[in-house]
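Counting starts at 1 for both ligands and their atoms, in listed order. All values below were derived from every heavy atom in this structure, side-chain atoms included, with hydrogens, water molecules and symmetry-related copies excluded.
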Amino acid sequence: MEDRPGKLVVISGPSGVGKTTLLRRLLADLPDLIPSVSATTRPPRAGERDGVDYHFMPVEEFEKRRAADEFLECCRVYGRQHWYGTLVAEVTPRLAAGKWVVLEIDVEGTLSILERFPQAITIFIEPSHPDQLLQRLQGRGTESPEAMARRLEVARRELHEAHRYRHRVVNESVDEALGEVERVLATEGFSSAAFHPRPSPPRQPTPEESRT
Ligand code: 5GP
């Protein structure tokens, strides 16, 4: 066990905001950051792998593990259809070993985590404009119209909760959002031999400056 305890990073944002891509790039940039693989009762999408994207499990197993207190938090997302949860085993031993662990969970889950880990570093990813969510969900084409409507309704509610997060990052371009998240982690004390936070993008001149 290391002297310094690890830290918990919680990333949330509405469906369609580009969290998954952002997180994948973040983890590729920062190999010392450990992702917590959530458990879910939702069926895998094409290309998703058990134990990598999620621990996929039938509802009976989820219930059994919930009763055995194996989750730090869990809830039913999207019209109460599927269960999602953070397993204690994915987080606690790594924190005790001094690692930084990152969770990608919804707002309700974040609030439960904050009750147990008030020092968690919370980051909310926001769209640059509301239409971005609809366009991304339509482009992804993985959801039925009803499921998409449900996700957009949940997204609308989640955007109202953004103020509860310690940091907010607008995802207009993945590169810029990634740089911003890395700078947030650096200000929160993340460091490793391989980590050099991306520099801030050059400031765009104001219209007045461009005229002169
Ligand atoms: P998806 O079905 O698109 O993979 O994820 C749906 C939502 O579930 C996302 O908003 C994601 O953040 C959330 N989610 C994923 N894992 C967990 C978890 O372990 N706990 C909670 N509370 N939400 C989760």
Side-chain angles (χ1 to χ4, degrees), residues 8-24 26-27 34-59 61-63 65-66 69-92 94-95 101-117 120-127 132-162 164-165 167-169 171 177 181:
L8 200 51
V9 180
V10 181
I11 297 186
S12 303
S15 196
V17 80
K19 272 171 306 179
T20 309
T21 308
L22 191 63
L23 197 59
R24 201 179 301 131
L26 184 71
L27 295 170
I34 312 288
S36 158
V37 179
S38 292
T40 185
T41 61
R42 119 160 132 59
R45 296 191 187 115
E48 284 185 330
R49 287 168 300 162
D50 187 33
V52 177
D53 299 288
Y54 281 104
H55 298 290
F56 295 100
M57 57 185 69
V59 70
E61 182 182 345
F62 197 103
E63 294 285 8
R65 297 179 77 162
R66 188 168 164 236
D69 250 354
E70 288 188 34
F71 289 105
L72 280 182
E73 62 76 35
C74 65
C75 55
R76 281 200 279 183
V77 186
Y78 303 131
R80 319 236 135 241
Q81 204 186 359
H82 298 301
W83 282 97
Y84 292 80
T86 306
L87 290 158
V88 174
E90 288 281 327
V91 176
T92 312
R94 285 146 174 183
L95 288 180
V101 182
V102 59
L103 313 183
E104 193 251 281
I105 62 175
D106 76 340
V107 172
E108 194 178 333
T110 304
L111 299 181
S112 310
I113 289 288
L114 281 171
E115 280 173 23
R116 295 172 84 151
F117 300 89
I121 300 158
T122 52
I123 305 174
F124 193 86
I125 312 294
E126 298 180 275
Q132 190 187 343
L133 302 179
L134 180 62
Q135 286 161 4
R136 282 238 181 85
L137 283 175
Q138 280 173 337
R140 196 158 82 184
T142 52
E143 256 71 44
S144 64
E146 297 74 35
M148 212 150 72
R150 232 180 358 247
R151 279 178 184 254
L152 286 173
E153 170 55 23
V154 174
R156 204 179 53 75
R157 274 187 270 129
E158 290 206 329
L159 287 171
H160 280 111
E161 305 292 339
R164 295 175 182 266
Y165 286 69
H167 304 278
R168 294 164 74 162
V169 171
N171 188 12
V181 171

Report yes or no: does [X] have a heavy atom closer than 4.0 Å to ligand 1?
{"X": "H82", "answer": "no"}
{"X": "E158", "answer": "no"}
{"X": "S15", "answer": "no"}
{"X": "E104", "answer": "yes"}

Q138: what forms a side chain to side chain contact (heavy atoms under 4.5 Å, CB included) with it, not counting sequence neighbours?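 Listed in chain order: L134, M148.
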E48 N/O under 3.5 Å from ligand 1 N/O: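 Between E48 and ligand 1, no N or O pair is found under 3.5 Å apart.
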[X] heavy atoms, cut-off 4.0 Å: which ligand 1 atoms fall inside?
{"X": "T86", "answer": "19 (O)"}
{"X": "G109", "answer": "22 (N)"}
{"X": "Y54", "answer": "1 (P), 4 (O), 5 (O), 15 (C), 16 (N)"}
{"X": "R42", "answer": "1 (P), 2 (O), 4 (O)"}
{"X": "R45", "answer": "1 (P), 2 (O), 3 (O)"}

May I ask you to identify, for [X], whether its side chain, its backbone, both or neither come under 4.0 Å of ligand 1 on a heavy-atom basis?
{"X": "Q81", "result": "neither"}
{"X": "E73", "result": "side chain"}
{"X": "H55", "result": "neither"}

Any salt bridge between R94 and E90, counting N to O under 4.0 Å?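 Yes, charged N to carboxylate O under 4.0 Å.
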Can you name the residues that form a salt bridge (Lys or Arg N to Asp or Glu O under 4.0 Å) with E61, not counting sequence neighbours?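 So E61 forms a salt bridge (Lys or Arg N to Asp or Glu O under 4.0 Å) with R65.
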Please determine whether side chain to side chain contact (heavy atoms under 4.5 Å, CB included) holds for the pair V37 and V52, giving the CA-CA distance in whole Å, both sets of side-chain angles, and the decisive distance to 0.1 Å. CA-CA 7 Å; V37 179; V52 177; over 6 Å; no
Euclidean distance, T110 OG1 relative to F117 CZ, rounded to 0.5 Å: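 Answer for the CZ-OG1 pair, F117 versus T110, is 13.0 Å.
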Which of these, V9, I113, I11, V10, sits in a side-chain contact (heavy atoms from CB on, under 4.5 Å) with T122?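 When V9, I113, I11, V10 are each tested with T122, the side-chain contact (heavy atoms from CB on, under 4.5 Å) holds only for V10.
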